[in-house]
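Read the structure below first, then the notes.
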Amino acid sequence: MELHHLTLSQAAEKLRKKEVSSVELTQNSLKRIESLDPKVGAYLTVTADSALTQAKAIDAKIASGEKLPELSGLPFSLKDIFLTKGIKTTCASKILHNFIPPYTATSAQKLFDQGIVLTGKLNMDEFAMGSSTETSAFQQTKNPWDLSRTPGGSSGGSSAAVAAGLCYGALGTDTGGSIRQPAALTGIVGLKPTYGRVSRFGVIAFASSLDQVGPMTKDVRDCALVLNAIAGYDDRDSTSFKTAVPDYTQSLKKDCKGLKIGVPKEYFIPGTDPEIDAAVRKALETYKELGAEIHEVSLPHTEYAVPTYYILAPAEASSNLARYDGIRYGHRAEGAKDLLDLYVRSRSEGFGAEVKRRIMLGTYVLSAGYYDAYYLKAQKVRTLIRRDFEEAFKKVDVLVTPTSPSHAFKLGEKTDDPIQMYLSDIFTINVNLAGLPGMSLPCGMSAGKLPIGMQLIAGSFQEEKIFHAAYAYEQATQWHQMRAPL
Amino acid sequence: MITRETVEKIAKLARLQLSESDLEKYTGQLNNILADVEKLKELNTDAIEATTHAVEVANPLREDEVKTNTVIDAVLEISPDHEAHFFRVPKVL
C-alpha cells in the first residue's frame, strides 16, 4: 500500500518496525500537500520547517531506543480554530488574518505531548459557521472525491486533508454537525464526543454550550487512539468533565451479540436521498447478522431541533464574537474617528456575510423584549429534545441514523439560501443540543462515486458503546478501505 | 415581521455597519429564518425547565493561590497598538 493510504495505526506500526522514518512520512505528506493542495485547498498554513524539525527529533528518540506513544512521529493537522503558539490561527476570518496566538489549545498540546508532527492548519467555514467550508474568508476547499463538490463543513479542510491522504489524521470541532457531516461527505470517520469529554480551552468559541472537539480519521481504531490522547478534565475549562478516561481501543470488538440498536423513525424521512436511506438500512441488516437486536424508537421532538439550534447557536455566537473589537488582537480598522467608530469599522471590515447574519440573528433574539419568546423558549425545547434521547437510551445502547440527508453537494449550490444550508445539519444538530456523543462512519458509496456516512449516537459519556458498534460494523464491511482517487 | 428599521437598530447594537444592499438582504433573510422559528410555538413549554448546559456541571473550585502570569508581554506584543502595559485606543475624552 502506498504510504499516504496508511491509517495512523498502520503508519505507527511501520515506524515501530523501522520500515519507515518519521522524516520520510513527513516529507511524503509535505510533498503531497505541495502537489495536490493547489487542487484541494485544504491548508491555510503549512508548517513544513517545524514539522521536519519535529520529525527529526522523533527519529532520534526512536534510534536511541526510547519507548514512545503510538501517535509519535505521525503527520497530523489541525482545523484553524485551535490556538497554536507562534503559528498563525485565523478561524478562516479576515478579523484574525494576522493573529499569532501566545498559547496553545489543550487538545492540541495533548497531541503534541504524544509526539504528533504538526504539518499545518486547515481551512473551515469562518468561525465554524457553515456546512460547506464556503464561508471561509480565504479559499475554497474541494471534496477529494469530486473537486466540483463541497467537502462538507465547517471542518471541511480537515475532512478533505484526511480523505486526500495529505495527513494521517486531523482535529475538528462540532457545534451542529461540523465534524460528522464533513466526515460523511468525504468517506472518513468523525467523532463528536460528549460535551465536556474534551477540553475547549484554546479553541476559538462559536456557541459555548454546544461546541466540542473531536478526531477525524480514516478508521475507527485511529479515532479511538486520538480520543485517548485528547480526552479528560482540564482545569482551564470549567465545563470539561471530571470523570476517568477509559482506553477506547479496549472497546473495539468484532461481534455485536446482545447490542441493542435503536432506529429513530423520525430520521428516516422522504427528504433524504434514497441511496443514503438504502445504505443505512443495509447497515442495519449487517448489524443483525453480527448479532445485534434492532428496535424502532421515537424521538418525537426531532423536527424542532433546527429552529431551536438557530436561536441558541447565533445567540451564543453574538455574545462570544463581541470580543472582536480591534483593540487587543486581530484586525483593527484604519482611520477611525473615535472608539465606537473603531469597533464598528473593525468588525464590519473583518467579519464575512454569514458571520454577520448570525451575529444579527443572535443580537435580535437576545434583545430587550424578545428574550423569553426566543432564547428562553429554545432552551426549554432543548430540554424536550434531551428527554427524547434519555427515554430512547432506557431501551437501547446506540442509535443508528443517516449522518446527512444528501451527498456532497456542488459548490455554490446552497450559498444563496441560508435555510437550505442549515437543513443539511438536520440529523446532527440534535446530538449537540443533547450534549451526546455521535460518530459518522462510512457505510456506502453512491452510484456517482460519492461516500455515504451513517451516524451512531450513544448516551452521555458512552463513547465506548459507539466504538464497539462502529468497529464491529467497520470490520464486517469494506467501506473504510475506500480511498479518494487522488 | 422585522422591519428594515429594526434591522438597522440591531446592527447598531451589534456594532456592525451594513451597506444598503446588506440591510435589504438581511431583512428578508432574518424574516425567513424567524418564520421557521415560529414552529417552536406549537409546543407548550410552560412547565418545562430551560437547559443551559446539556451535561450537568457544577462549578469546580480550587485554592485561591497567587500565581505569576507569564504571557502579559506576549499578549501585548500581538495587539494592534500598545504602549507600556496598555492597549492604545482613540481618544475617549
Side-chain angles (χ1 to χ4, degrees), chain A residues 99-100 102-103 194-196 209 235 238-239 241-242 301 303-304 306-308 310-311 318 322 325-330 332 336-345 347-348 351 353 356-357 359-361 363-364 367 374 376-384 386 418-419 433-436 460, chain B residues 2 6-7 9-19 22 25-27 29-30 32-62 70-82 87-92:
Chain A
F99 178 53
I100 297 176
Y103 62 93
T194 308
Y195 184 81
S209 82
D235 62 11
S238 60
T239 63
F241 217 70
K242 276 185 184 168
H301 296 95
E303 60 179 317
Y304 300 100
V306 173
T308 302
Y310 280 97
I311 293 174
S318 74
D325 56 8
I327 304 296
R328 292 151 301 151
Y329 51 86
R332 177 183 284 200
K337 57 181 193 297
D338 55 32
L339 189 58
L340 180 63
D341 192 40
L342 178 66
Y343 297 151
V344 172
R345 284 198 199 197
R347 290 166 64 78
S348 303
F351 291 135
K356 285 178 186 164
R357 178 155 47 237
I359 291 174
M360 293 288 290
L361 184 56
T363 305
Y364 178 72
S367 62
Y374 291 113
L376 188 64
K377 179 79 184 180
Q379 283 188 316
K380 288 178 168 192
V381 178
R382 187 176 183 182
T383 305
L384 296 173
R386 270 176 64 195
I419 292 179
L433 290 170
L436 303 173
S460 279
Chain B
I2 308 185
T6 310
V7 175
K9 195 183 131 210
I10 297 296
K12 215 171 159 189
L13 289 173
R15 303 285 186 257
L16 290 173
Q17 189 171 36
L18 300 178
S19 65
D22 276 351
K25 198 168 83 182
Y26 284 145
T27 305
Q29 288 175 341
L30 292 182
N32 288 341
I33 295 166
L34 290 167
D36 270 24
V37 163
E38 289 300 303
K39 190 172 173 55
L40 298 184
K41 290 194 178 148
E42 293 169 10
L43 297 168
N44 183 339
T45 51
D46 292 350
I48 308 294
E49 259 185 69
T51 293
T52 50
H53 273 93
V55 175
E56 294 303 325
V57 283
N59 284 335
L61 302 176
R62 57 167 171 74
T70 53
V71 297
I72 293 171
D73 288 336
V75 166
L76 286 164
E77 199 53 47
I78 60 168
S79 69
D81 195 4
H82 71 276
F87 298 111
R88 202 194 331 233
V89 298
K91 210 166 156 184
V92 178

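By convention in this document, chain letters (A, B, ...) are assigned in the order of the sequence lines, proteins followed by strands, and residues within each chain are numbered from 1.
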B/T51 versus A/L433: any side-chain heavy-atom pair under 4.5 Å? no
Per-residue tally against chain B (heavy atom, under 4.5 Å) across A/R347, A/K242, A/K337 peaks at A/R347
B/K91 versus A/L339: any side-chain heavy-atom pair under 4.5 Å? no
Please check if the number of heavy atoms outside B/K39 that lie under 6.0 Å from its NZ is greater than 12. yes
Enter the distance from B/T45:OG1 to A/K377:NZ here, rounded to the nearest 0.5 Å. 3.0 Å
Contact leader toward chain B among A/I327, A/I359, A/L340, where contacts are heavy-atom pairs under 4.5 Å: A/I327
Pick one of side chain, backbone, both or neither for A/L342, based on which atoms fall under 4.5 Å of a heavy atom in chain B. side chain
How many angstroms lie between CG in B/N59 and OG in A/S238, if you round to the nearest 0.5 Å? 6.5 Å
Pair count under 4.5 Å, heavy atoms only, with chain B: among A/Q379, A/R345, A/R382, highest is A/Q379
What residue, out of A/V344, A/I100, A/D341, A/L384, has the most heavy-atom pairs lying under 4.5 Å from chain B? A/V344
Rounding to 0.5 Å, atoms CG (B/N44) and NZ (A/K380) come to a distance of 9.0 Å
So which of B/V89, B/V71, B/L16 has the largest heavy-atom pair count under 4.5 angstrom toward chain A? B/L16
Of the listed residues (B/K41, B/E42, B/H82), which shares the most heavy-atom pairs with chain A below a 4.5 Å separation? B/E42
Could you check which of B/V7, B/D36, B/N32, B/I48 has the highest count of heavy-atom pairs closer than 4.5 Å to chain A? B/I48
Is A/T194 in contact with chain B via its backbone, its side chain, both, or neither, using a 4.5 Å heavy-atom distance? side chain
Side chain from CB out, backbone as N, CA, C, O: work out which of these in B/R62 comes under 4.5 Å of a heavy atom of chain A, or both, or neither. neither
Is B/D73 in contact with chain A via its backbone, its side chain, both, or neither, using a 4.5 Å heavy-atom distance? neither
Flag the pair A/D235 / B/P60 as yes when at least one side-chain heavy-atom distance between them is below 4.5 Å, and no otherwise. no
Let me know if B/I78 has heavy atoms under 4.5 Å from chain A in its side chain, its backbone, both or neither. both
Quick one: what part of A/S460 sits under 4.5 Å from any heavy atom of chain B, side chain, backbone, both or neither? side chain
Just wondering, more than 12 heavy atoms not from B/E49 lying within 6.0 Å of its CD? no
Around atom CD of B/Q17, are there more than 12 heavy atoms from other residues, nucleotides or ligands closer than 6.0 Å? no
Which heavy atom of B/L18 sits nearest to which heavy atom of A/K356, and what is that distance? CD2-CD, 4.2 Å
Is it the side chain or the backbone of A/Y374 that comes within 4.5 Å of chain B heavy atoms, both, or neither? side chain
Please report the interatomic distance OG1(A/T239) to NE2(B/H53), rounded to the nearest 0.5 Å. 5.5 Å
Does any heavy atom of chain A fall under 4.5 Å from the side chain of B/T52, the backbone, both, or neither of them? both
From B/K9 NZ over to A/S367 OG, what is the distance, rounded to the nearest 0.5 angstrom? 6.0 Å
Quick one: closest heavy-atom pair of A/Y329 and B/P80, and the distance? N-CD, 3.8 Å
Should B/L34 and A/L361 count as side-chain neighbours, where that means a heavy-atom distance under 4.5 Å? yes
Does any backbone or side-chain atom of A/A322 lie under 4.5 Å from a heavy atom of chain B? Answer side chain, backbone, both or neither. neither
Any chance you could lay out the side-chain contact (heavy atoms from CB on, under 4.5 Å) test for B/D81 and A/R332, step after step, and finish with the verdict? CA-CA 9 Å; B/D81 195 4; A/R332 177 183 284 200; 3.5 Å; yes
Rounded distance (nearest 0.5 Å) linking atom CG of B/L30 with atom OH of A/Y364: 9.0 Å
Any donor-acceptor N or O pair under 3.5 Å, side chains B/Q29, A/R357: yes
B/L76 versus chain A, heavy atoms under 4.5 Å apart: side chain, backbone, both or neither? neither
Kindly indicate, with the supporting measurements, whether the criterion side-chain contact (heavy atoms from CB on, under 4.5 Å) is fulfilled by A/F241 and B/V55. CA-CA 9 Å; A/F241 217 70; B/V55 175; 3.5 Å; yes
Where on A/I311 is there a heavy atom nearer than 4.5 Å to chain B: the side chain, the backbone, both, or neither? side chain
Tell me, do A/V381 and B/L43 make a side-chain contact under 4.5 Å, heavy atoms counted? yes
Could you tell me which portion of B/E38 (side chain, backbone, both or neither) has an atom closer than 4.5 angstrom to a non-hydrogen atom of chain A? side chain
Side chain, backbone, both or neither: which part of B/V92 has an atom under 4.5 Å from a heavy atom of chain A? side chain
